[in-house]
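Before any comments, here is the structure.
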Amino acid sequence: MLIEVQGMSKRYRPRGPLVVEEISFAIDQGETLAIFGDSGSGKSTIGQILAGIYPATAGEIRLDGQKISYPLRGHARRQIQILFQHPEVAFNPRLRLIDSMREPYRLFRLPYTRQGLCDYLERYGIYEEHLERFPAELSGGELQRLALARAMLIEPSFLVLDEPTSMLDVISQAQIIHLLREIQQERQMGYLFISHDRVLCERFCTSICLLKGGRLEDPWRKSDA
Amino acid sequence: MHKKLNGRVLAGLVILSVVLLVAMLAPVLAPHDPYELGIPYLRPSAEHPLGTNDIGQDILSELIYGTRISLLIGTVSALTVTVVGTALGILSGYLSGWVDRVIMQMTNVAMALPSLPLTIILVAFLDASVWNIILAICITAWTSTARIIRSRVQQLKCLPFVQIERTMGASGAYIMLRHILPNLGEIVFVRAVLSVGSAMLTEASLSFLGLGVIGQKSWGGILHYAFFRNGIINGAYWWYVPPILCISVSVLGFMLLSYYGDGSAHGRDRKEKGNA
């Protein structure tokens, strides 16, 4: 299994309520697990714990069979990335996009050339002239494609997709879903798709779980239907 | 850019440029030596445009030289207060936990202290030098900057662009310097500019109470002598009105300058134009 989660719980304050309660699931290479549920049900919390933004209060997470802990380091840090719901705040508003796109190169010590970056971004429909702008000068769809491109720069094996299409128009949604499908087919990536759109979950994902009050119901696999 | 330089900001810039020029060119602009004694209580005239004080010193020259001390204490205090307040606010807001608790306890204690009486006591116990006055002003003045910065940092650190950096393994120091600090630019600038005005007022208050820098001309010091040597009772308006005007106009200049950057963000204006 690519990712295995066992008995994971989360509370934000020491004596606060459990936002996520003893959830378990597994995602293999090339699979997409959808977690859907109402607002406030704890969907994003699960994604953010997997991406190493917050620690879990209890339970364990395994990546390629190896237990990972907060904060993510080494292999795990490189293998897990996240795409957020709001593309307009996915980039530092004070930096030109070229500078934001250089961050993964800097943090992971990847060899950088401007031409190399521009060639890489063509696939995502982003061109050199976009990179000289600030985030507020691009559309939501363009920014989300750029955010996906940034996440994929370090070639992760697992991607948390936290409602990546919910703030986009229909055409941009289709572009993102198409790109995600293509990338998954090429690289056999595992996705955790967080959404409140059941129809989209059914069309895009291999299995679906309902999250209700912080508890996860048994996954429903499309292949079983 | 032109939107940031609105009328208020321009007016502030003009006022402060004049104040700065006067401070820099004091020896050239002052018609007399401000310490030179002469005929007391002269009314404004061609030779003494703002008259003289009780020991015959030229008040215009005193005012011109007084600009230096007010501006020096105001700017150095504001710079110190802003650097300390911003650094503590960022550390407190970003690191949370025990660091936040310790810094906020310090802030609460400093905020609970009555700032002017404390400053007066400190200056009274220390020598009334420029640096001791700056120290006394700074001891309590950093607190509101730290609280405001902390709140903004707490908002910023929850935004995806910061969380993505954390996912990619960026260190806390790197995130604070590269991603948090540049996004505080407008708040830090406004706090710094307002702090200058506030520090100038505190310095004027201290000087008025006779706790100003010994042997140096300052606007508060001129007011102190006008009050304690019966300039006000005797109706010597040329003695006490000009320093009040100088303090008020300078503080107003800093207030107006604090409107710089109102409602602007990179590219937002251009995007709004494009959408129109």
Side-chain angles (χ1 to χ4, degrees), chain A residues 12 44 47-54 70-97 99-100 102-110 132-139 143-144 147 150-151 153-154 156 159-160 162 164 167, chain B residues 1 3-4 86 90 93-98 100-101 149 152-190 260-276:
Chain A
Y12 284 102
S44 294
Q48 288 173 4
I49 291 170
L50 287 184
I53 294 167
Y54 301 114
Y70 175 87
L72 299 184
R73 293 188 195 283
H75 176 69
R77 178 160 73 86
R78 195 166 182 146
Q79 293 306 311
I80 304 175
Q81 287 299 304
I82 185 166
L83 194 61
F84 282 99
Q85 179 180 15
H86 296 280
E88 69 280 4
V89 278
F91 294 91
N92 185 338
R94 297 282 160 183
L95 295 182
R96 289 183 193 277
L97 289 161
D99 296 319
S100 289
R102 286 192 66 172
E103 289 286 284
Y105 287 97
R106 195 174 288 136
L107 293 168
F108 290 92
R109 299 201 171 96
L110 304 172
E132 286 306 323
R133 298 186 197 164
F134 288 97
E137 296 173 287
L138 260 65
S139 71
L143 284 173
Q144 197 64 307
R150 177 176 58 184
L153 250 174
I154 49 176
L159 202 55
V160 176
D162 188 358
M167 302 302 287
Chain B
M1 190 71 180
K3 273 212 162 185
K4 285 184 173 182
T86 303
I90 292 177
Y94 186 78
L95 297 176
S96 311
W98 67 267
D100 181 39
R101 285 195 294 276
I149 296 287
R152 180 68 186 131
V153 172
Q154 284 179 329
Q155 292 171 343
L156 283 171
K157 79 169 185 181
C158 294
L159 290 179
F161 75 86
V162 174
Q163 295 189 332
I164 286 167
E165 289 291 321
R166 289 168 67 183
T167 307
M168 289 197 289
S171 69
Y174 180 82
I175 293 174
M176 285 186 262
L177 288 173
R178 171 120 173 123
H179 295 283
I180 302 274
L181 186 59
N183 281 287
L184 298 171
E186 268 124 16
I187 301 178
V188 171
F189 176 77
V190 169
Y260 179 78
D262 244 19
S264 71
H266 285 291
R268 193 187 293 159
D269 300 340
R270 273 169 283 176
K271 194 175 181 187
E272 279 166 5
K273 261 186 201 170
N275 292 342

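Just so it is clear, the structure is predicted and the values come from calculations on it, not from any experiment. A, B, ... follow the sequence lines: proteins, then strands. Residue 1 opens every chain.
Side chains of B:Gln155 and B:Arg152: a donor on one and an acceptor on the other come within 3.5 Å.
Chain B forms the most heavy-atom pairs under 4.5 Å with one residue out of A:Glu103, A:Arg77, A:Arg78, and that residue is A:Glu103.
Counting only heavy atoms from C-beta outward, the side chains of B:Thr167 and A:Ile80 never approach each other to under 4.5 Å. Within the 4.5 Å cutoff, no side-chain heavy atoms of A:Leu72 are placed close to those of A:Gln79.
With a 4.5 Å cut-off on non-hydrogen atoms, A:Arg150 touches chain B through its side chain but not through its backbone. Using a 4.5 Å cut-off between heavy atoms, A:Phe91 contacts chain B through its backbone alone, with no side-chain atom that close. Both the backbone and the side chain of A:Asp99 have a heavy atom closer than 4.5 Å to some heavy atom of chain B. Neither the backbone nor the side chain of A:Pro71 comes within contact range of chain B; no heavy atoms are under 4.5 Å apart. Neither the backbone nor the side chain of A:Gln85 comes within contact range of chain B; no heavy atom of the residue lies under 4.5 Å from a heavy atom of that chain.
Comment: A:Arg106 does not engage B:Glu165 in a salt bridge, judged by the lack of any side-chain N to carboxylate O separation of less than 4.0 angstrom.
Classified by interplanar angle (parallel below 30°, tilted 30° to 60°, perpendicular above 60°), the ring pair B:His179/B:Phe161 is tilted.
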